[in-house]
Asker: 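Sending over a structure as structure tokens; questions will come in a sec.
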Amino acid sequence: MNCTARRFVDLAVASVTKQLGLTGVNEDAIDSELSYHFDPGYSFGEPAAVEEECSEDQLSHCADAVASLVSLDGLGEFLVDALEHGVASPKPERLSRLGWSSAANALLSTKVTGGGAVELGGGSGAGFQVICEDRGIATLGGGGGGGAFGWIEDHLGYLGARPVAKNETVGGGAGGGMQLFFPANVTGRPWEADHWISWGSGGGHGCGSCKAGDTFCEDSPLRITCGAKMD
């Protein structure tokens, strides 16, 4: 979590500096001040005899999944891309790392064998603002999460994963958005502008096990349905 949070901060600062450079500002003359707040959150549970029920390989596998669910891997790239292009692009290959792929890998991976039960969940989020004098000119934020319940079992994998069993559930998703403000007179000086225009964009992506009665999903090879939404 700490490593991906620091990368998120680095990406945000680098992107804002780049945008300032495109407006003609001398990047070497930029005097920046950075404040960083990290809230680890809290978790409650009863670790009842897990060592007796799970193998060392299974414990390591679940620990990796939980660590991935609380990381910010991919969020910084998603928000920076939205800032630089003016529109959110919720590509699954980027956002799935914030929720779905971690939850799915915990339950459906064919690399870990055995009969241990697994129940886990987690999520994370972050954002940043760009403020000029006393006016906010950009606000961006997002996050993701996921969870899984089922059993680590021996299955014949299909494309590196196994189908979701009828008594199992897994799901996850991620998304984010932004709001930008700019002077109505695009050729004027921003600090002298009286009228401003706002622009927003957002989107998200998620996947999950089949809902009851969804025969199309239940007949699919992995019993999973996915979707994405954007402006």
Asker: Would you name the heavy atoms of Asp81 and Ser89 that are closest together and state the gap between them?
Answerer: OD2-CB, 3.8 Å
Asker: Does one side chain, of Ser209 or Glu168, offer a donor that lies under 3.5 Å from an acceptor on the other?
Answerer: no
Asker: Measure the shortest side-chain to side-chain distance between Arg162 and Leu107 over non-hydrogen atoms and say whether it is less than 4.5 angstrom.
Answerer: yes
Asker: Heavy atoms, side chains only, cut-off 4.5 Å: are Leu140 and Val80 in contact?
Answerer: no
Asker: Hey, does the side chain of Ser101 reach the backbone of Ser96 with a donor-acceptor pair shorter than 3.5 angstrom?
Answerer: yes
Asker: In Å and rounded to the nearest 0.5 Å, what is the CZ to CD distance from Arg7 to Glu77?
Answerer: 4.5 Å
Asker: Supply the atom-to-atom distance Met178 CE to Leu79 CG, rounded to the nearest 0.5 angstrom.
Answerer: 9.5 Å
Asker: With distance as the sole test, does Ser68 use its side chain to make a donor-acceptor pair with the main-chain N or O of Asp64 at under 3.5 Å?
Answerer: yes
Asker: Treat each ILVMFWY residue as a node, draw an edge where side-chain heavy atoms are under 4.5 Å apart, and state whether Leu83 and Phe182 are in one component.
Answerer: yes
Asker: Using side-chain heavy atoms (C-beta onward) and a distance below 4.5 Å, is His195 in contact with Asn185?
Answerer: no
Asker: How many angstroms lie between atom CG of Leu72 and atom CZ of Arg97, to the nearest 0.5 angstrom?
Answerer: 11.5 Å
Asker: Under 3.5 Å, is there a donor-acceptor pair between the side chain of Thr139 and the main chain of Gln179?
Answerer: no
Asker: Does the Ser15 side chain pair with the main chain of Ala12, one donor and one acceptor, at a distance under 3.5 Å?
Answerer: no
Asker: For the residue pair Ala174 and Leu95, what are the closest heavy atoms and their distance?
Answerer: CB-O, 3.5 Å
Asker: So, for Gly143 and Leu75, which heavy atoms are closest and what is the spacing to 0.1 Å?
Answerer: N-CD1, 4.0 Å
Asker: Do Leu180 and Leu11 land in one hydrophobic cluster if side-chain heavy atoms of ILVMFWY residues count as linked below 4.5 Å?
Answerer: no
Asker: Determine the minimum heavy-atom distance between Ala82 and Ala88, stating which atoms define it.
Answerer: CB-CA, 4.0 Å
Asker: If we only count heavy atoms from C-beta on, is the Lys166 to Glu218 side-chain gap below 4.5 Å?
Answerer: no
Asker: Under 4.5 Å between side-chain heavy atoms, counting indirect links through other Ile/Leu/Val/Met/Phe/Trp/Tyr residues: same cluster for Val16 and Phe8 or not?
Answerer: yes
Asker: Any side-chain heavy atom of Met230 within less than 4.5 Å of one from Lys91?
Answerer: no
Asker: In the structure I gave you, are the side-chain heavy atoms of Phe78 and Leu98 within less than 4.5 Å of one another anywhere?
Answerer: no
Asker: Quick one: closest heavy-atom pair of Ser71 and Ser124, and the distance?
Answerer: O-OG, 2.6 Å
Asker: So Trp196 and Ile137, do their side chains get closer than 4.5 Å, heavy atoms only?
Answerer: yes
Asker: Please tell me if the side chains of Phe128 and Val13 come closer than 4.5 Å, counting only heavy atoms from C-beta onward.
Answerer: no
Asker: Look at the side-chain heavy atoms of Ile, Leu, Val, Met, Phe, Trp and Tyr, link any pair under 4.5 Å apart, and say whether Ile197 and Val87 land in one connected group.
Answerer: no
Asker: What closest approach, in Å, do Trp199 and Gly86 show between heavy atoms, and which atom pair accounts for it?
Answerer: NE1-O, 2.7 Å
Asker: Do Leu108 and Leu222 pass the side chain to side chain contact (heavy atoms under 4.5 Å, CB included) test, and can you show the C-alpha distance, the side-chain angles, and the key distance before you say yes or no?
Answerer: CA-CA 9 Å; Leu108 307 180; Leu222 298 178; 6.0 Å; no
